[in-house]
Protein chains: 2
Amino acid sequence: MATISDVAREAQVSVATVSRVLNKQDSVKKATADRVYAAIEKLKFEPNILARNFRRSESRVILIIAPNITNPYYSHILTGIGDTANELGYSALIFNTANSEEREKEGMEMLKKRRADGAILLARNQGSQWLEEYAENYPVVQCSEYDPDVPFPHVSIDNYKAVREVMAYLFALGHERIATISSKNRYISTDLRMKAYKDALGEEGLPVEENLVAYAGLDYSFRSGKEAAEKLLAQENRPTAIFCISDTIALGAIAAAMEKGIRVPEDLTVIGFDDVEDTMMFHPYITTVGQPCYELGKNAMRMLYDRINGQLDPQHEMVLKHKFIIRESAGRRKQDD
Amino acid sequence: MATISDVAREAQVSVATVSRVLNKQDSVKKATADRVYAAIEKLKFEPNILARNFRRSESRVILIIAPNITNPYYSHILTGIGDTANELGYSALIFNTANSEEREKEGMEMLKKRRADGAILLARNQGSQWLEEYAENYPVVQCSEYDPDVPFPHVSIDNYKAVREVMAYLFALGHERIATISSKNRYISTDLRMKAYKDALGEEGLPVEENLVAYAGLDYSFRSGKEAAEKLLAQENRPTAIFCISDTIALGAIAAAMEKGIRVPEDLTVIGFDDVEDTMMFHPYITTVGQPCYELGKNAMRMLYDRINGQLDPQHEMVLKHKFIIRESAGRRKQDD
DNA sequence: TTGAAAGCGCTAACAA
DNA sequence: TTGTTAGCGCTTTCAA
């Protein structure tokens, strides 16, 4: 493997000059640079990235701390981060936490060990004090979920506003017994969506009934969504609409309804969240809130890049637009309900 | 940031000794080692990985060259690779090719640039001569798809055998007009499955009819599967069974049937492949061939590890067991068909 | 069992 | 515009 000094010898220049052309500094005369390029070509020289990284003390790697790459919601964000990282000259390393806080800490350790120049956190729980320690020393950005009390910047959608839109739509359709399927986690999106649900009900003069709130599992799985919906639908005075915090849960709710002979949307309205896939396989196609996953990832990466490269006045918060998508699973309340 | 010589000074030993305890060489006296550990503790020393990698000229990173991480089939393999890489002290870098051969080459370039110590190739097309160049110089393993003519080891399932089992099951159910939805790609799995389909038909004395073979898109998407099935089902003498090369395509086939009022499995049998997800959301649950995705990834990583670390007699081929899973979408042929 | 010292390949400060 | 040179922090050979 040829080194920079082999190239220098071949081109009859010093290693400094070779280094300069490698790094595209313009203080090199064209003729000299050409000689260097010729030598590089001839020797099939590839700069040793290991040496360069060491010298510059940077890894050109960014870390993505994600709970799970199997979930399509994350995988779209991941793709957005990955593509953008590449454009910016970074490699994106995905660190799978499998939802364990322990693993999350391990991931952040990689920053200390200089395995990565910065990190993007997905699925941040609120209220983890231990993170603070990293805030001053490492470039970190939160994507999609975030803890407002932690001094890391974040990019996300406006979950509160999105659910207020959902609720307004439901009211316009005549619904009053509106249930929600949430999850018992510590995501800010969950809190915000729940708050929007309750606020909307309150402002409409409707009570927030405990038995209209059900919980799916932490994994937002189809099965747990179905079970939550079954509970909701087993009541004598059952809801006429269910707002679900994910499409997969909504799919579960529809399956639960189908098995009970309840038609969607004729007898029951179901609304999902994310619009990530599977929403248009079988009828009824799901009415949902679309999140710009790829863009979320892309902007998180850009934000991180600015932090790593010491942008003067880095943005602290970025809110991307969601999109309320009307399809088939929501309908007008039947008058006899 | 403390360096190894700070530690040496603090512990009153030489840097060589510190290095020895860092690398757990047993030629260090216990008392000396303890002093070193104490110094490390006191100074909160973290070895500089960048320097170490440079010195050892290794990156401790392995590359996964994948077409797409959004596809759950891949994401399970990816998880298997990632977890195993971690256990073995490596980080797994996912390089997204978006199905472009150009990007694939870019990915392999990273090996030359020493960004990674080895690579795992997913979704290898057959017949790419350019890969040969890497064969001698870099540790590479193929996972799931592979080119038998390329001198890289691989791990996969026995696609031929799996489809022969599917066909035998179909014959046992009385089916004779059996269609298949394949895809026009250059994957060995596709060839092998098609060959098994044709061989089985032949051995049963049944003709291979051109209009019983349809093609979904290169992405194995729901929509393209549905369209392919629509073509198949539009014929007057339509098939009584369809074998699909993926579950998503099978889902599309079921949707196509439903829209035409054809019941599955009563009027039409549909069989999928992969068993990766969505096979058990709505009835009929899909009868399919399960692939051990996570294990595929795990073993590919182990194989790569052996190659990187110069195992004497590395395995060249590893075939993992698939699992034929009978659920609801396949049934006995009706006598009046 | 330990230490001295060379050197991995590159970048960048300084000098010319 | 170009060259000389001093490291970056670590591992490892050789000697003691």
Side-chain angles (χ1 to χ4, degrees), chain A residues 1-40 43-61 89 110-117 309-310, chain B residues 1-40 43-61 89 110-117 309-310:
Chain A
M1 200 95 272
T3 73
I4 199 172
S5 57
D6 296 330
V7 175
R9 197 178 321 111
E10 176 72 29
Q12 317 243 50
V13 297
S14 71
V15 291
T17 299
V18 179
S19 177
R20 285 187 191 104
V21 345
L22 250 25
N23 296 291
K24 313 224 176 296
Q25 276 163 264
D26 37 350
S27 66
V28 181
K29 216 181 3 177
K30 171 111 177 33
T32 318
D34 285 345
R35 282 218 312 288
V36 172
Y37 283 125
I40 288 175
L43 301 176
K44 292 190 194 316
F45 167 76
E46 296 276 358
N48 183 330
I49 301 240
L50 263 14
R52 173 180 290 172
N53 287 346
F54 167 47
R55 183 52 235 256
R56 294 192 182 154
S57 85
E58 66 179 16
S59 62
R60 285 263 162 183
V61 165
M110 294 182 72
L111 249 25
K112 280 194 194 158
K113 298 206 174 98
R114 298 160 183 271
R115 284 208 96 98
D117 297 340
N309 296 287
Chain B
M1 202 94 273
T3 73
I4 199 172
S5 58
D6 296 331
V7 175
R9 198 178 318 113
E10 176 72 29
Q12 316 243 48
V13 296
S14 71
V15 291
T17 299
V18 179
S19 177
R20 287 187 189 104
V21 345
L22 250 25
N23 295 292
K24 312 222 177 298
Q25 278 165 263
D26 37 348
S27 66
V28 181
K29 220 184 358 179
K30 173 113 176 29
T32 318
D34 286 345
R35 281 217 314 288
V36 172
Y37 283 125
I40 288 174
L43 301 176
K44 291 190 196 316
F45 167 77
E46 296 274 0
N48 183 330
I49 302 240
L50 263 16
R52 172 179 290 172
N53 287 347
F54 167 48
R55 183 52 236 256
R56 301 218 256 235
S57 84
E58 65 177 17
S59 62
R60 286 264 161 183
V61 166
M110 295 182 72
L111 248 26
K112 280 195 194 158
K113 298 206 174 97
R114 299 160 184 273
R115 285 208 94 99
D117 297 340
N309 296 286

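Hydrogens, waters and symmetry mates are skipped; everything else that's a heavy atom, side chains included, is used. The chains referred to below are lettered A, B, ... by the order of the sequence lines, with proteins before strands, and numbering in each begins at 1. Predicted, not measured: the structure shown is a model, and the values here were computed from it.
Protein atom CD of Glu58(A) is 15 Å distant from nucleotide atom P of dG9(D), rounded to whole Å. If you take CG of Leu50(A) and C1' of dC10(D), they are 12 Å apart, rounded to a whole angstrom. In this structure, Gln25(B) atom CD and dC10(D) atom P are separated by 15 Å, rounded to whole Å. In this structure, the CZ atom of Arg52(A) is 19 Å from the C1' atom of dG9(D), given to the nearest Å. Taking atom CE on Met1(A) and atom P on dC8(C), their separation rounds to 16 Å, with Å as the unit. Rounded to whole Å, the distance from CG on Asp26(B) to P on dT2(C) is 12 Å. Summarising the geometry, the separation between CG on Leu43(B) and C1' on dG9(D) is reported as 15 Å, rounded to the nearest angstrom. Distance Asn53(B) CG to dC10(C) C1': 15 Å, rounded to the nearest Å.
Interface remark: the Arg20(A) side chain does form a donor-acceptor pair with the dG3(D) base, using a distance-only criterion of under 3.5 Å.
Side-chain contact check for Val21(B) versus Tyr37(B): some heavy-atom pair is nearer than 4.5 Å. The shortest side-chain heavy-atom distance between Leu22(B) and Ile4(B) falls under the 4.5 Å cut-off.
The side chain of Arg55(B) places no N or O atom within less than 4.0 Å of a non-bridging phosphate oxygen (OP1 or OP2) of dG7(C). Taking 4.0 angstrom as the limit, Thr17(B) places a side-chain polar atom (N or O) nearer than this to OP1 or OP2 of dG3(C). Taking side-chain N and O atoms only, Thr3(B) has no distance below 4.0 Å to OP1 or OP2 of dG9(D). Put simply, Arg56(A) has a side-chain N or O that comes within less than 4.0 Å of OP1 or OP2 on dT11(C). Contact annotation: Ser19(B) reaches the phosphate of dT11(D) (side-chain N/O to OP1 or OP2, under 4.0 Å).
For the pair Phe54(A) and dC8(D), the ring geometry qualifies as stacking, because the centroid separation is below 5.5 Å while the planes lie within an angle under 30°.
Considering only side-chain atoms of Ser14(B), the nucleotide from dG9(D), dA4(C), dT2(D) that sits closest is dA4(C).
Within the 4.0 angstrom heavy-atom criterion, only backbone atoms of the sugar-phosphate kind lie near Asn23(B); the bases stay farther away. Residue Ser27(A) is in base contact, counting any heavy-atom pair closer than 4.0 Å across all strands shown. Within the nucleic acid shown, Val13(B) comes within 4.0 Å of sugar-phosphate atoms alone, with no base atom in reach, counting heavy atoms only.
With DNA chain C read from its 5' end, the first of the two nearest nucleotides for Val28(B) and Arg114(B) is the one closest to Val28(B). With the nearest nucleotide of DNA chain D identified for both Val15(A) and Thr32(A), Thr32(A) has the one nearer the 5' end.
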Would you sort out whether Thr32(B) and Val13(B) count as a side chain to side chain contact (heavy atoms under 4.5 Å, CB included), showing the intermediate values? CA-CA 8 Å; Thr32(B) 318; Val13(B) 296; 3.7 Å; yes
Pair Val61(A)-Arg114(A), side chain to side chain contact (heavy atoms under 4.5 Å, CB included): steps then yes or no: CA-CA 9 Å; Val61(A) 165; Arg114(A) 298 160 183 271; over 6 Å; no
What verdict does the side chain to side chain contact (heavy atoms under 4.5 Å, CB included) test give for Glu58(A) and Arg52(A), after you've listed the backbone C-alpha separation in whole Å, the side-chain angles of each residue and the deciding distance to 0.1 Å? CA-CA 8 Å; Glu58(A) 66 179 16; Arg52(A) 173 180 290 172; 5.7 Å; no
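Side-chain contact annotation: Ser59(B) with Asp117(B), donor-acceptor N/O pair under 3.5 Å present.
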